[in-house]
Amino acid sequence: MASATGIPQHPPANSDNGEQGDLEPLLGRPGDASQRDDASIVKNLIIGTVLSSLFVVDSSLSLNIIASTATLNMPKLIQSSGTGVIAEAAGILLVASVWAAVFLNGPLILFSVHPLAQSMGLLVLIQSILVLQPTHTGSQKKVGQKIHASLNFLAFAIFAVGVISIEVNKFKSNGAHFHSVHGYLGVIASFWLLAQYVIGFTMYGLPQLYGGEANAKKIWKYHRSSGYVLLLFLAATVISATQTDYNINVLGLKLWAMIVISVLLIVGVYPRIKKQKLGF
C-alpha cells in the first residue's frame, strides 16, 4: 500500500519483540528495506532504502519531490524497490564482464576456471546477504537464515572450485605463489571466508558449541559486522585482479570498470544494513 505521495508505507514494528530498531536501515527511515508480512522473501533481493523517500515529505513539498526525482532521472525500478536492485546490477555486471572477457579472449585453460568461479561465487554470496537483510520477524528470520546458509554453502563450493583450479594450475606449471597483490588478498579472503562459514554454520546448526542458542545469538552481531567488512575486502580483491599479468595480457578487464562495480555494490548493500542487528 502506498501513501498519497507514491512512497510505500512502512511496515509495523517488529511483531516478535515490539521494537522498531530492527526495522531502521543505516540510511533511510524505519521500515525501509524491511520485508513486508505478505511479501515473498524473493523480493528481499531488490528492496532497500527507497531512494525517493530520502527527500523530506509533506503535502506542501510534493512538487519539490517530483522535481528532484525528475532531475535525478532515477529508474522507476529503483524508486519503487530500493537499493537492493543496485547490488543485483553490480553482481550481474561483474559476472557478465568476467565471463565475457574469459570466453572472448584466448583459449579456455585450467586457469580460466578461477575468474569464472570466483565471480559467480561472489554473485551467489551477494544473494545470501540480500535475502537475509530485510527480515525482521522471527518467522522471516528463520526462513531467511535457512536460505542464507544454503546460498553460502553454494558460494563456498563455487569459491573452492576457483581456488583449487588455480592451485592445480600453479602446481602443474610450477608457478610462483604470492606473485601479486591480488594473490595475497586472495589468500587472506579465502581464510576469512572459511572462518565466516565455520562460525556461521556452527552458530546456526550447532549452537551447543557456544553454550547454547542464547550464547550463539550474542555472537551474531560480530558475524554480521565481519561479513560486511569482508564484502569490502572481496571488492578490493576483485579490483586488484585487474593488475595481474593474466588480466593485463589476456582478459583486459578495466580497473575503472571494477571500481564502478564495487561502488554499485556498496551503494546497493550498505544502506540496507539494520543498525539494531549490529548491536547499535
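Basis for what follows: all heavy atoms, side chains included, without hydrogens, waters or symmetry-related copies. These numbers come from a predicted model, not from an experiment.
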Among residues at least two apart in sequence or on other chains, which ones pass ring pair (Phe, Tyr, Trp, His ring centres under 6.0 Å) with Y210?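 Once residues adjacent in sequence are excluded, Y210 has no partner under the ring pair (Phe, Tyr, Trp, His ring centres under 6.0 Å) criterion.
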Donor-acceptor pair, distance only, cut-off 3.5 Å: does the side chain of [X] make one with the backbone of [Y]?
X: Q140; Y: H136; result: yes
X: H148; Y: S128; result: yes
X: T83; Y: I86; result: no
X: E88; Y: G84; result: no
X: S225; Y: Y222; result: no

Considering non-hydrogen atoms only, spot the tightest contact between [X] and [Y] and give its length.
X: T244; Y: H182; answer: CG2-CB, 3.6 Å
X: P115; Y: V102; answer: CG-CG2, 3.9 Å
X: L116; Y: W99; answer: O-NE1, 3.2 Å

Is there a side-chain contact between [X] and [Y] in this structure, where contact means two heavy atoms from C-beta onward sitting under 4.5 Å apart?
X: T135; Y: L132; answer: yes
X: L206; Y: F201; answer: no
X: I126; Y: L130; answer: yes
X: F159; Y: S190; answer: no
X: M203; Y: K218; answer: no
X: K277; Y: W220; answer: no
X: W192; Y: L234; answer: no

Taking the hydrophobic residues Ile, Leu, Val, Met, Phe, Trp and Tyr, and joining any pair whose side-chain heavy atoms are under 4.5 Å apart, which ones share a cluster with V168?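 Under the 4.5 Å side-chain rule, V168 groups with L110, I164.
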Is there a path of hydrophobic side-chain contacts, each under 4.5 Å between heavy atoms of I/L/V/M/F/W/Y residues, joining [Y] to [X]?
X: V181; Y: Y246; value: yes
X: L231; Y: I199; value: no
X: L123; Y: V42; value: yes
X: F111; Y: V163; value: no

Verify the distance criterion only: is there a donor paired with an acceptor across the side chains of Q133 and Q35 at less than 3.5 Å?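 Result is no, nothing qualifies.
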No-hydrogen, no-angle side-chain donor-acceptor test under 3.5 Å, Q196 and S226: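 Their side chains do contain a donor-acceptor pair, which is all the 3.5 Å distance test asks for.
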CG/L122 to CD1/I158 distance, rounded to the nearest 0.5 angstrom?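 So the CG of L122 and the CD1 of I158 are separated by 10.5 Å.
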Roughly how far, to the nearest 0.5 Å, is the CD1 atom of I188 from the OH atom of Y184?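 One gets 10.0 Å once the value is rounded to the nearest 0.5 Å.
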More than 12 heavy atoms from other groups under 6.0 Å of CD on E213: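 Atom CD in E213 is not packed in, count stays at 12 or less.
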Is the ring pair Y197/F156 parallel, tilted or perpendicular, if the boundaries are 30 and 60 degrees?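 Aromatic pair Y197/F156 classed perpendicular.
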Using distance only, find each side-chain donor-acceptor pair of residues 249-266 under 3.5 Å and give its atom names and separation, not counting sequence neighbours.
| unit_1 | atom_1 | unit_2 | atom_2 | d |
| --- | --- | --- | --- | --- |
| N249 | ND2 | D245 | O | 3.1 |
| S262 | OG | M258 | O | 2.9 |

